Amino acid sequence: MPHSAETIDPMSKRKSKEKSLPIGECISQVQAVVRQRLLQQGHPGRRCGVEAQHKHLVELLKRTVIHGESNSALIIGPRGSGKSMLLHDALEEVFAVKEIKDNALQVQLNGLLQTNDKIALKEITRQLNLENVVGDRVFGSFAENLSFLLEALKTGDRTSSCPVLFVLDEFDLFAHHKNQTLLYNLFDIAQSAQAPVAVIGLTCRLDVMELLEKRVKSRFSHRQIHLLNSFSFSDYHKVFKDLLALAPGFPDTQFAEKWNENLQALLENKTVEEVLQKQFNASKDMRSLHMLLLLVLCRVNVSHPHLNAADFLEAYRLRNMDSKANILHGLSVLEMCLVISMKHLQDIYSGEPFNFQMVHNEFQKFVQRKAHSVYNFEKPVVLKAFEHLYQLELIKPMEGLSVRTQREYRLMKLLLDNSQISEALQKYPNCPTDVRQWAMSSLS
């Protein structure tokens, strides 16, 4: 009997340890975990295809922070290729060491925000917490001011100076500053070893070196780290799995197991694979994958706790929805009739521009042919509807606004094609039959 009690007891203990949360709480936890991965820079799979670049950047930063060796480098790649993510990941690895975290400082600048050197210098002062040190001092030049700031961080000789990492996002915009003073001084300090600094620029422009002045270029180290989205579909597939999978530490173990089993089934589903392949072919940008998965995640709720292939199809449809066709769904019947009139005119005159008077005449022909009182609008009302289409940017003027032409006779061009109008009419709520028939005759 004692032996049997001993064998049962550990099992009962293990079962008691396994938590079972209410389904609503499980869904909230899943939403929180996955959203954090999708909306923040730190998430699994972030080094997909950039392991060599990551290693290079970490070594460069460590040489500055640990050995006091100044460096400068540019991270270059298209939008969404993972430049910020790569830097974030490298900094996270470097600052994981406690000694480094306590001794090194970071300064984050953005070319969209720091539009001139004066604003940039104020931001550097603020981020280094040196407002009190600067006080009311007057400096002769930008260089003196920046040198003073870095001098204030010294605690003795150069080896005991506090290393500073300067991160310049939208780097190419700093090249448009007057005389490129900020870039010149940062690169000059990095080259002359006045203080241990690392200057890391992030840019989308491949020709960024052509923007730099000769004196700035001569002080730059010419280190360039390129990100070109060179990963394969299998890597993309792996990232997709890592983003949605629940880790062993999830509060409800049973729910996590079911979720991961369902995810594995989705990975083998042909429909889901087709959606991912289309997304991959359209853009290797990881942000677009994150946006797709956010839309998929929004469909998870208490009555629908697990994802299915239909969720991915719907999310992909929403991501690739035609915005102009959607605008057409909200138009009045009169405005829709005017769009059909314009399309009819473009078909007749082989894409030539039109004016309001021509559209109004075409509309009146339809009204007289159908002889239906509901469409008999006054001309000022029709003109107002025409102007509303212009405000929605469904039509555009052929000449500039400076040309003084009466509103009724200003030449316009329709910014929609037959397929968009046809699709909108199919989904248009309560569309009169005669309008639909008129549209089909002009679209044929």
Side-chain angles (χ1 to χ4, degrees), residues 10-51 53-55 57-58 80 82 84-98 101 231-269 272-273 275-276 279-280 284-312 315:
M11 288 293 290
S12 61
K13 278 184 181 179
R14 194 171 73 182
K15 282 181 182 177
S16 66
K17 282 181 184 178
E18 289 182 0
K19 294 179 183 177
S20 184
L21 300 174
I23 187 69
E25 197 171 329
C26 284
I27 298 300
S28 297
Q29 291 277 357
V30 169
Q31 297 269 12
V33 169
V34 180
R35 275 197 182 126
Q36 187 176 21
R37 290 177 192 166
L38 297 173
L39 296 172
Q40 293 185 5
Q41 290 176 330
H43 59 75
R46 56 189 178 274
R47 291 186 208 166
C48 180
V50 293
E51 291 80 3
Q53 292 92 325
H54 171 82
K55 187 180 177 184
L57 188 56
V58 168
S84 300
M85 205 181 294
L86 175 72
L87 181 62
H88 176 275
D89 195 17
L91 288 171
E92 198 175 65
E93 188 171 321
V94 170
F95 283 100
V97 182
K98 190 176 184 297
K101 188 178 180 181
F231 51 86
S232 64
F233 180 66
S234 59
D235 294 325
Y236 194 77
H237 216 259
K238 202 180 293 180
V239 171
F240 164 76
K241 183 181 178 181
D242 288 341
L243 287 168
L244 290 181
L246 294 179
F250 190 77
D252 191 323
T253 314
Q254 198 174 1
F255 181 86
E257 283 175 6
K258 283 183 183 175
W259 175 274
N260 290 337
E261 283 171 16
N262 181 67
L263 178 60
Q264 189 59 43
L266 284 173
L267 287 166
E268 294 162 11
N269 187 292
V272 174
E273 189 171 342
V275 168
L276 286 176
Q279 187 74 21
F280 179 77
K284 287 187 178 181
D285 179 352
M286 282 297 172
R287 282 184 206 155
S288 61
L289 176 63
H290 292 178
M291 289 307 299
L292 178 77
L293 295 183
L294 277 172
L295 288 171
V296 170
L297 191 66
C298 289
R299 298 177 66 80
V300 176
N301 54 46
V302 176
S303 58
H304 180 62
H306 296 290
L307 299 171
N308 59 35
D311 296 330
F312 285 87

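All values derive from a computational prediction rather than experimental measurement.
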**Request:** Enumerate the residue pairs fulfilling salt bridge (Lys or Arg N to Asp or Glu O under 4.0 Å) with a member in residues 23-34, sequence neighbours excluded, ordered by first and then second residue.
**Result:** none
**Complete:** In short, Glu93 meets Val58 closest at the heavy-atom pair OE2-CG1, 3.8 Å
**Request:** Write down the atom of Gly24, the atom of Val302, and the distance for their closest heavy-atom approach.
**Result:** CA-CG2, 3.9 Å
**Request:** With the side chain counted from C-beta on, respond yes when Leu263 and Leu307 share a heavy-atom pair under 4.5 Å apart, and no when they do not.
**Result:** no
**Prompt:** Atom CD in Gln53, atom CG in Asp89: separation rounded to 0.5 Å?
**Reply:** 12.0 Å
**Asked** Do Leu244 and Val34 touch side chain to side chain, with heavy atoms closer than 4.5 Å?
**Response** yes
**Request:** Output, in order, the C-alpha distance, side-chain angles, deciding distance and verdict of side-chain contact (heavy atoms from CB on, under 4.5 Å) for Phe312 and Glu273.
**Result:** CA-CA 10 Å; Phe312 285 87; Glu273 189 171 342; over 6 Å; no
**Asked** With a 6.0 Å cut-off on ring centres, are His290 and Phe240 close enough?
**Response** no
**Asked** Quick one: does Tyr236's side chain get under 4.5 Å of Gln279's, heavy atoms only?
**Response** yes
**Asked** Got a sec, which pairs hit salt bridge (Lys or Arg N to Asp or Glu O under 4.0 Å) with one end in residues 255-264, sequence neighbours left out?
**Response** none
**Request:** Determine whether Leu246 and Val30 make a side-chain contact, defined as any pair of heavy atoms from C-beta on separated by less than 4.5 Å.
**Result:** yes
**Asked** Who pairs with Asn262 by side-chain hydrogen bond (donor to acceptor under 3.5 Å, both in side chains), at least two apart in sequence or on another chain?
**Response** none
**Request:** Output yes when a side-chain donor or acceptor of Asn308 lies under 3.5 Å from a complementary backbone atom of Asp311, and no otherwise.
**Result:** yes
**Complete:** Arg35 and Leu297 have their tightest heavy-atom pair at CG-CD2, 3.6 Å
**Prompt:** Considering only heavy atoms from C-beta outward, does the side chain of Leu294 approach that of Met291 to under 4.5 Å?
**Reply:** yes
**Message:** I need the minimum non-hydrogen distance between Cys26 and Asp252, along with the two atoms involved.
**Reply:** SG-OD2, 3.4 Å
**Asked** What is the ring orientation for Phe280 with Phe233, classed by angle as parallel under 30°, tilted 30 to 60°, or perpendicular over 60°?
**Response** perpendicular
**Asked** Who passes side-chain hydrogen bond (donor to acceptor under 3.5 Å, both in side chains) against His237, sequence neighbours left out?
**Response** none
**Prompt:** Checking Arg37 side chain against Asp242 main chain: does a donor-acceptor pair fall under 3.5 Å?
**Reply:** yes
**Message:** My understanding is that only residues two or more places apart in sequence, or in another chain, count here; which of them pass side-chain hydrogen bond (donor to acceptor under 3.5 Å, both in side chains) with Arg287?
**Reply:** none
**side-chain hydrogen bond (donor to acceptor under 3.5 Å, both in side chains) partners for Gln264, two or more places apart** = Lys241, Glu268
**Fill in**
Residues Pro305 and Trp259: closest non-hydrogen pair is O-CZ3, 3.4 Å
**Request:** Quick one: closest heavy-atom pair of Asn301 and Ile27, and the distance?
**Result:** O-CD1, 3.9 Å
**Message:** Please determine whether side-chain contact (heavy atoms from CB on, under 4.5 Å) holds for the pair Leu57 and Leu87, giving the CA-CA distance in whole Å, both sets of side-chain angles, and the decisive distance to 0.1 Å.
**Reply:** CA-CA 8 Å; Leu57 188 56; Leu87 181 62; 3.9 Å; yes
